[in-house]
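In what follows, a structure is listed as structure tokens, so that the remarks can point back to it.
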Amino acid sequence: MGSEDSASTNFIKAIIDEDIKNGKNGGRVHTRFPPEPNGYLHIGHAKAICVNFGIAEEYGGLCNLRFDDTNPVKEDVEYVDSIIEDIHWLGFDWGDRLYYSSDYFEQLYDYAVRLIKDGKAYVCDLSPEEIREYRGTLTEPGKDSPYRNRSVEENLDLFERMRNGEFPDGSRVLRAKIDMKSGNLNMRDPAIYRIKHASHHRTGDAWCIYPMYDFTHCLSDSIEGITHSLCSLEFEDHRPLYDWFIDQLDVHHPQQIEFARLNLSYTILSKRKLIQLVDEGYVDGWDDPRMPTLSGLRRRGYTPESIRNFLDRIGVAKRESTVDVALLEYHIREELNRTAQRVMAVLRPLKVIIDNYPEDQVEELEAVNNPEDENAGVRVVPFSRELYIEKTDFLEDPPKKFFRLAPGREVRLKHAYFIKCESVVKDENTGEIIELHCTYDPDSRGGTSPDGRKVKGTLQWVSVPHALNAEVRLYEHLLTKEDPLNLEEGKTFIDYINPNSLEILKDCKLEQSLKSAKPLDRFQFMRHGYFCVDPDTTDEKIIFNRTVSLKDTWAKMQKKGNA
RNA sequence: UGGGGUGUCGACAAGCGGUAAGUCACAAGAUUUUGGAUCUUGCAUUCGCAGGUUCGAAUCCUGCCACCCCAGCCA
């Protein structure tokens, strides 16, 4: 039912509502997501994806996927493939409307020729350095290029020869003839075509001149009949240029609306910096579970739904902001709490021997799979005389608020029995606790005692002879800096990389039922958090990634006490 | 002495002249065979600042301040 009776709204929808009311575009809503295939998608892109596909969906319109592939030296099919996979994974589809700006190269060339014929564009022989000098500065106007008033015939001839490959890279560009004195630098005769003798991932060597983004982007939107071109804030002062191209050419005019991109606390969301993390080996690749890429989040155990819910929740506005990453974590917990099967795992094992339990006995105890989902059913877990419990669940000299096991204390083993700690065995040399001897109360099977006695703590456990060995990878924020956009003088984000962002535990003990878990399956390890099977898992070695921990009020209390 | 934007709770974010929604975070309590989940309660006399208009302003006007983006033949 009403998934959003809160009537979530934003300024873009307000504009579209108005457009529809006024009959603009015949009431049609058609958006697009236009990535450049030069890197992997991250959660910031996911915001743009959800905004574009989401709005189209909400208004019964369409959203295209179009690769803005106008710079062959940076682009690659590897990125095209990953982008397609990631958007599908997020849950969106563009039907047969998968486009490439490079599909429009011929059309774009014709548009450029029209501008030349109309005296609105010219071939300029200035070097890149000279063009920069002629452009002026933020506060001083630029000056006209000496080539600005070439004849239409000469421009046409030169532009054709550019296309024919007669000139080397960088020797000439085609420029729009607008206004070198404009306060908006984008309007100071911007380049619209440059020479690049490079092969393109789709058009091969068919071209040696390539249109610039500003020229390509707005006209590609126009060609596709896009009604609302949603993009990020930094393109606001490109809008007058887009409007200029479209007006000169007198073609369909999409309306560009700019919104703020996503920033996340403790997180880097800049393609350039993510590339640096990968290239310089701070992470293990684009899909490292610490990366905010969609492939990284997927491997970490995030679900598409949780990401979409998160993005819905934060809204869309023009104000630049940094969202607390805790909100993202809230959304994955919220979903996994409803859907993930509970399972018992001991990450840092401590052996417990139940002295009064028959030596060769094994009991099959019933365990509820998910108390939040009555349809999730039950499973059976084996119980025996020797068990593993969590090291952190025992303290020889516990503080008053400690509800777990300690000498003489009784706790409940989840789904099993009450046990009481009778003695502690230590390594003679190191003093390290090696094992605990306990007794159990046979009448407490299932976790309650007929005499009505209560225990404060409930621990998860794994039977020693039935335990599955596993490697578990614990992740924390990649950065120690909450606001990575606001660094101290002279520091870079590299200075804030969290040395503890990955902790690998190699001697973890899991309950038997996990034997059949498949890569990317998600579970709640009771009292720990949500975990996901890593694709590196093999028959010999099972590996889990921690998606997010459970909220831990005990840890919070301790932290407060110590601080 | 350029142009374009933005300023509402710790973090997001509604609000569009009628007297500050919601979410996360945080805090307190209840409950609990996960110190999880759940449930209750609390959390902006105030909307960047200063004036003005009005019976009434976060919303309108004026001035100021702060922050972000732009000088690629990148996107």
Side-chain angles (χ1 to χ4, degrees), chain A residues 6-10 14 34-36 38 68-71 73-75 124 126-128 131-133 135-142 169-175 181-188 190-196 209-210 212-214 216-217 232-240 258 260 265 271 310 313-331 333-334 337-338 342 344 368 371-372 401-404 412-416 418 446-448 454-460 482 485 524-529 549-557:
Chain A
S6 51
S8 79
T9 186
N10 62 52
E36 184 190 17
N38 70 342
D68 265 339
D69 54 351
T70 57
N71 187 358
V73 305
K74 290 192 173 175
E75 297 152 7
C124 181
L126 255 24
S127 70
I131 285 187
R132 195 182 331 118
E133 285 162 24
R135 183 156 34 225
T137 68
L138 292 178
T139 51
E140 298 156 23
D169 288 7
S171 58
R172 291 173 222 264
V173 288
L174 182 70
R175 293 228 250 167
K181 290 185 281 299
S182 173
N184 181 346
L185 302 220
N186 295 122
M187 301 299 271
R188 318 242 262 227
I192 57 182
Y193 264 91
R194 74 292 214 186
I195 302 170
K196 269 183 198 289
I209 57 171
Y210 292 94
M212 296 288 291
Y213 170 84
D214 280 333
T216 307
H217 184 81
S232 46
L233 252 29
E234 69 266 32
F235 294 106
E236 237 162 352
D237 38 340
H238 292 237
R239 181 159 22 97
E258 308 85 6
S265 61
K271 237 185 223 180
F310 163 70
R313 186 79 260 170
I314 63 170
V316 182
K318 298 201 72 155
R319 179 188 325 151
E320 296 194 63
S321 58
T322 299
V323 177
D324 191 340
V325 72
L327 189 56
L328 209 214
E329 292 169 351
Y330 164 81
H331 282 278
R333 283 193 187 105
E334 190 274 329
N337 177 52
R338 284 185 280 116
R342 272 59 170 172
M344 296 199 288
V368 170
E372 306 292 323
K401 290 283 182 63
F402 188 77
F403 300 160
R404 282 106 101 141
R412 170 168 42 233
L413 293 180
K414 181 77 182 176
H415 310 303
F418 286 3
T448 47
K454 302 276 188 223
V455 290
K456 279 283 216 170
T458 301
L459 315 184
Q460 82 279 15
E482 178 170 1
L485 260 25
Q524 183 195 98
F525 287 3
M526 295 195 85
R527 304 206 305 132
H528 280 300
S549 66
L550 249 26
K551 285 177 53 176
D552 189 346
T553 50
W554 170 239
K556 197 185 280 182
M557 282 165 66

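Predicted, not measured: the structure shown is a model, and the values here were computed from it. The sequence lines fix the lettering, A, B, ..., with proteins before strands; numbering per chain opens at 1.
- Taking atom CZ of residue A/F310 and atom P of nucleotide B/A13, one finds them 11 Å apart after rounding to whole Å.
- Ring planes of A/F235 and A/Y213: tilted class, angle from 30 to 60°.
- Partners of A/H238 by side chain to side chain donor-acceptor pair (under 3.5 Å), not counting sequence neighbours, listed by chain and number: A/D214.
- In this model, the phosphate group of B/G72 is not approached by any side-chain N or O of A/R188 to a distance below 4.0 Å at OP1 or OP2.
- Using P as the reference atom, B/G4 and B/U8 are 22 Å apart when rounded to the nearest Å.
- Listed by chain and residue number, A/E236 satisfy the side chain to side chain donor-acceptor pair (under 3.5 Å) test with A/K318 (two or more places apart in sequence, or in another chain).
- The residue among A/E334 and A/N71 whose nearest nucleotide of RNA chain B is located toward the 5' end is A/E334.
- Residue A/S127 places none of its side-chain N or O atoms closer than 4.0 Å to OP1 or OP2 of B/C73.
- Looking at heavy-atom distances under 4.0 Å, A/V325 makes no contact with the nucleic acid at all.
- Looking at heavy-atom distances under 4.0 Å, A/H528 makes no contact with the nucleic acid at all.
- In this structure, A/R239 does not reach the B/G4 phosphate: none of its side-chain N or O atoms is under 4.0 Å from OP1 or OP2.
- Comparing B/G2 with B/C64, their P atoms sit 13 Å apart, to the nearest whole Å.
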